[in-house]
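Input: a single structure, listed below in structure tokens.
The structure displayed is predicted, hence computed values, not measured ones.
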Amino acid sequence: SQQGEEDPQALSIQEGENATMNCSYKTSINNLQWYRQNSGRGLVHLILIRSNEREKHSGRLRVTLDTSKKSSSLLITASRAADTASYFCATGAMDSSYKLIFGSGTRLLVRP
Amino acid sequence: SAVISQKPSRDICQRGTSLTIQCQVDSQVTMMFWYRQQPGQSLTLIATANQGSEATYESGFVIDKFPISRPNLTFSTLTVSNMSPEDSSIYLCSVEDRGGRPGETQYFGPGTRLLVL
């Protein structure tokens with residue numbers, strides 16, 4: 001079953017604005033990752049944050065993790081039209097298995 | 001990182017038939033994963049395929065419907081058997097990052113878009 005939910009389900013912003021997406025999950029995790037998917041194609045790994053980390057940055061991406069609330073957020077700053085895609089969070093389990101469980105996804109539209 | 005290719009990229013099939021999807025990786029990996037993504041939905045793990053052993057299927061997926069082969073460390077196939085329109089989805093294979101820890105980064109193929117009429 002789905003591990004987590006993301007909100008919003010869809011987000012439309014103007015180029016240059018910031019986009020924030022949220023992910024909630026249900027069980028204890030080893031790590032949380034964010035992936036991007038363009039137009040129903042393969043997923044691209046964006047960033048990983050481990051359960052003992054609270055914040056991580058990569059270029060225009062900022063990820064936070066609150067394990068007490070079982071939630072994470074992805075912030076994309078100064079968005080570009082090329083950021084238009086679906087974004088998924090995925091959690092890695094505590095049991096050292098290789099399985100990832102994906103959230104429901106947020107569809108981001110960046111208007112030029 | 002890993003470069004993954006899938007064949008076919010898309011197909012339109014008649015109900016009752018079967019389709020075999022191929023996944024090729026440019027390096028040797030222990031585990032390969034097969035996911036299904038139904039229209040407008042998230043990814044659901046179908047099974048994990050290790051070389052030299054039977055695939056491990058997730059709840060709701062069975063070997064008779066989704067047989068998987070893993071003949072070597074760079075290749076796997078997923079067959080969608082006796083297809084119905086409900087099998088219309090994108091099927092994606094992925095591999096773990098060889099330098100990473102369990103349950104961390106995965107690299108994905110471009111997906112196979114299947115439409116069953």
Side-chain angles (χ1 to χ4, degrees), chain A residues 1-10 21 23-53 56 58 61 63 65 85-107, chain B residues 1-7 9-10 21 23-25 29-50 55-61 88-115:
Chain A
S1 61
Q2 214 84 321
Q3 163 72 300
E5 296 298 321
E6 292 180 55
D7 80 272
Q9 290 187 336
M21 290 160 262
C23 169
S24 62
Y25 56 92
K26 298 174 183 173
T27 61
S28 295
I29 61 171
N30 190 4
N31 65 80
L32 188 142
Q33 307 171 40
W34 287 88
Y35 289 81
R36 184 185 72 226
Q37 184 180 38
N38 291 87
S39 301
R41 296 192 58 76
L43 275 71
V44 174
H45 181 263
L46 295 177
I47 193 166
L48 178 150
I49 186 166
R50 295 199 171 95
S51 58
N52 61 350
E53 299 175 310
K56 206 161 183 180
S58 176
L61 305 180
V63 172
L65 178 64
S86 292
Y87 292 81
F88 295 92
C89 65
T91 52
M94 291 288 289
D95 62 359
S96 299
S97 73
Y98 280 81
K99 289 198 302 188
L100 296 181
I101 299 178
F102 283 81
S104 52
T106 294
R107 295 189 309 279
Chain B
S1 67
V3 177
I4 303 169
S5 60
Q6 285 185 235
K7 291 181 183 179
S9 59
R10 60 178 61 225
I21 302 167
C23 179
Q24 180 75 53
V25 190
V29 293
T30 303
M31 290 189 175
M32 296 179 77
F33 306 90
W34 286 98
Y35 291 86
R36 181 177 73 182
Q37 185 178 27
Q38 295 176 302
Q41 303 296 314
S42 185
L43 279 74
T44 301
L45 182 64
I46 297 172
T48 303
N50 287 351
T56 302
Y57 289 83
E58 297 300 303
S59 175
F61 297 96
S88 297
S89 296
I90 299 171
Y91 292 86
L92 300 118
C93 69
S94 74
V95 303
E96 82 280 8
D97 181 0
R98 290 194 305 164
R101 303 177 191 177
E104 292 200 349
T105 304
Q106 289 185 13
Y107 300 105
F108 283 80
T112 295
R113 191 182 294 266
L114 171 63
L115 176 63

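Using a 4.5 Å cut-off between heavy atoms, A/Ser39 contacts chain B through its backbone alone, with no side-chain atom that close. Using a 4.5 Å cut-off between heavy atoms, A/Arg50 touches chain B through its side chain atoms alone. Contact annotation for B/Glu58: only side-chain heavy atoms (C-beta onward) come within less than 4.5 Å of a heavy atom of chain A. B/Tyr35 touches chain A through its side chain: at least one heavy atom from C-beta onward sits under 4.5 Å away, while N, CA, C and O do not. Residue A/Glu6: no heavy atom, backbone or side chain, is found under 4.5 Å from chain B. With a threshold of 4.5 angstrom between heavy atoms, A/Leu100 approaches chain B through its backbone and through its side chain.
Shown here is A/Glu53, whose CD atom has more than 12 heavy atoms of other residues, nucleotides or ligands within 6.0 Å.
Between A/Tyr35 and A/His45, the ring planes are perpendicular. Angles over 60° get that label, and only those under 30° would be called parallel.
For the atom pair B/Ser94 OG and B/Met31 CE, the distance stands at 11.5 Å (nearest 0.5 Å). Atom CZ of A/Phe102 and atom OG1 of A/Thr91 lie 9.0 Å apart (nearest 0.5 Å).
Between chain A and the options B/Gln37, B/Gln6, B/Glu96, B/Glu104, the largest number of non-hydrogen pairs under 4.5 Å is found for B/Glu104.
Judged as a salt bridge (charged side-chain N to carboxylate O under 4.0 Å, His left out), and not counting sequence neighbours, A/Arg41 has no contacts.
The closest side-chain donor-acceptor pair between B/Gln106 and A/Gln33, if any, does not fall under 3.5 angstrom.
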